Each structure stands twice: as C-alpha cells, then as structure tokens.
Amino acid sequence: MPLSDITDRIAKEEARVGRVPGSTHLIAVSKVQPLDRVVAVLEEGHRVFGENKVQEAAGKWPDLKQRFDGVELHLIGPLQSNKTRQAMGLFDVIHSLDRPKLARAIARIANEEGHCPQLFIQVNTGEEPQKAGIMPDDLDDFVSECRDLGLPIVGLMCIPPVDEEPTLHFALLAKMAKRNGLEQLSMGMSSDFERAIAQGATHVRVGSAIFGARDYD
Ligand SMILES: *Cc1c(COP(=O)(O)O)cnc(C)c1O
C-alpha cells in the first residue's frame with residue numbers, strides 16, 4: 001500500500017474522532033524489509049522508522065542516515081542489556097524499556113555519555129507470561145523509579161494479545177499514562193492503528209501495511 005494511503009487513513013481517523021490533525025506520528029517499521037523498499041519510502045520523504053533488533057538496525061541505518069538527512073530511528077523490540085550502549089547511540093527513541101535492570105543500565109550509560117534517547121515504558125497490558133513489559137500493577141512504582149533515576153520517560157507502549165480486541169488494551173494504556181502524567185502513547189500496528197488513534201495513540205507502528213508482508217526466509 002502506498003505510504004500516502006496510510007497517512008490519509010491516519011488523517012481521516014484523527015478527523016473522525018476529533019484529534020488534532022497531525023498529532024499521530026507514523027513510525028514506518030522497516031524490520032526484515034528489502035533495502036529497496038526502505039529506500040523507496042525514504043525517497044517519498046518519510047523520515048521516521050522503527051526497527052525491532054539492534055543488530056539489524058546497525059547493519060543498515062548508519063549508511064541510510066548518511067544518504068538521507070533527518071532520519072529519526074525508533075527501537076520497538078526488546079533490548080538486551082549487553083546491547084544497551086549500542087542502542088543508545090543508534091536510536092533516537094526506545095519504546096521497549098521493560099525492566100528495572102534496563103532502566104538502571106540506561107541511566108548509568110546516559111551519565112557517562114551525556115546523552116539519552118527518549119523512552120517509552122512497555123506495558124504488558126494482557127499480562128501474558130511470554131511477553132515483555134511491566135505488569136499493569138507494577139507500573140506506577142516503575143515510573144517513579146525511572147523518574148528518580150532521571151530518565152526521560154515520555155510515554156507508554158503496548159502490544160495487545162493477538163486474540164483479543166485491542167481497543168480495551170489501548171484504553172487501559174491511555175488510562176495508565178494519564179494517571180502517571182505521561183503524554184505519549186505508542187500503540188497500534190497495521191491491523192489496528194485506526195482503533196489506536198481513536199484511543200489517543202501519538203505513535204503508531206506500521207510495517208506490513210506500508211512495505212508489504214515480511215519475508216522471513
Ligand atoms: C513488527 C512490529 C510492528 C509492525 O507490525 P505490522 O503488523 O507489520 O504493522 C509494530 N510493533 C512492533 C513492536 C513490532 O515488532
């Protein structure tokens with residue numbers, strides 16, 4: 001689907017639910033996509049991209065950032081502690097702050113480097129055992145802990161369970177953000193970004209609807 005179809009759909013949904021036009025940021029999720037598709041979207045003028053693996057992003061984005069000005073890179077996948085420093089150098093925004101140990105590692109490295117990406121806390125809204133994220137009951141304490149560490153927490157992120165209506169999870173995330181004085185919400189993917197916008201998403205993470213299906217072999 002052309003990029004303009006997605007931006008049109010975002011604008012329509014913003015208008016339908018009375019959101020400020022342009023208040024939803026579109027993160028084009030380029031993981032696993034062939035380079036020519038990513039370059040095509042850059043050539044259309046889009047600059048905000050998401051990747052879920054540090055290693056994969058490190059393999060393609062330094063070159064692309066040289067070729068295209070103003071790229072903004074978002075890490076949307078789990079971050080292993082041993083890749084924290086590398087990720088903090090490569091990404092402008094990290095959406096997957098999901099545990100106290102990682103918060104402490106980021107704070108320590110931010111002190112050393114004098115620089116820290118913006119951070120979203122990932123919340124496991126479905127309380128799924130196999131999924132990353134802070135449990136809803138632990139969130140308020142974790143936000144305080146991150147603030148005490150001086151971390152630039154800007155919002156919350158979630159990935160709803162695949163077999164449930166995402167709207168309930170988006171609404172829960174919005175409620176938790178509000179309660180904690182956080183303004184940004186990273187929620188909504190190809191199949192549900194309009195429903196996320198209706199619940200207040202400020203960042204939607206859209207991959208296959210822009211680039212086509214991912215081919216993992
Ligand atoms: C891959 C991925 C997306 C994009 O998924 P699509 O269904 O292709 O839009 C969004 N968020 C996260 C965390 C992802 O890993």
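Note that this is a predicted model, so its numbers are computed, not measured. Atoms within each ligand, like the ligands themselves, are counted from 1 in listed order.
When each of Val38, Leu26, Leu64, Val29 is checked for a side chain to side chain contact (heavy atoms under 4.5 Å, CB included) with Phe49, only Val38 meets the rule.
Both Val204 and Phe170 are part of a single hydrophobic cluster, where members link through side-chain heavy atoms under 4.5 Å apart.
A heavy-atom distance below 4.5 Å is found between the side chains of Ile27 and His95.
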Taking a 3.5 Å cut-off between nitrogen or oxygen atoms, can you list every pair linking ligand 1 to the protein, with distances?
unit_1	atom_1	unit_2	atom_2	d
ligand 1	8 (O)	Ser208	N	2.8
ligand 1	8 (O)	Ser208	OG	2.8
ligand 1	8 (O)	Arg214	NH1	2.7
ligand 1	8 (O)	Arg214	NH2	3.2
ligand 1	9 (O)	Ser190	N	3.0
ligand 1	9 (O)	Ser190	OG	2.5
ligand 1	9 (O)	Gly207	N	2.8
ligand 1	11 (N)	Arg205	NE	2.9
ligand 1	15 (O)	Lys31	NZ	2.7

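Tyr216 belongs to a hydrophobic cluster whose remaining members, ordered by chain and number, are Val32; membership requires side-chain heavy atoms of ILVMFWY residues under 4.5 Å apart, directly or through intermediates.
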Next on the checklist: Under the criterion ring pair (Phe, Tyr, Trp, His ring centres under 6.0 Å), I'd like the reasoning laid out for His74 against Phe120: C-alpha separation, chi angles, the key distance, then a yes or no.
Outcome noted: CA-CA 10 Å; His74 293 245; Phe120 285 81; 7.5 Å; no
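With hydrogens and angles disregarded, a donor-acceptor distance shorter than 3.5 Å links the side chain of Asp92 to the backbone of Leu73.
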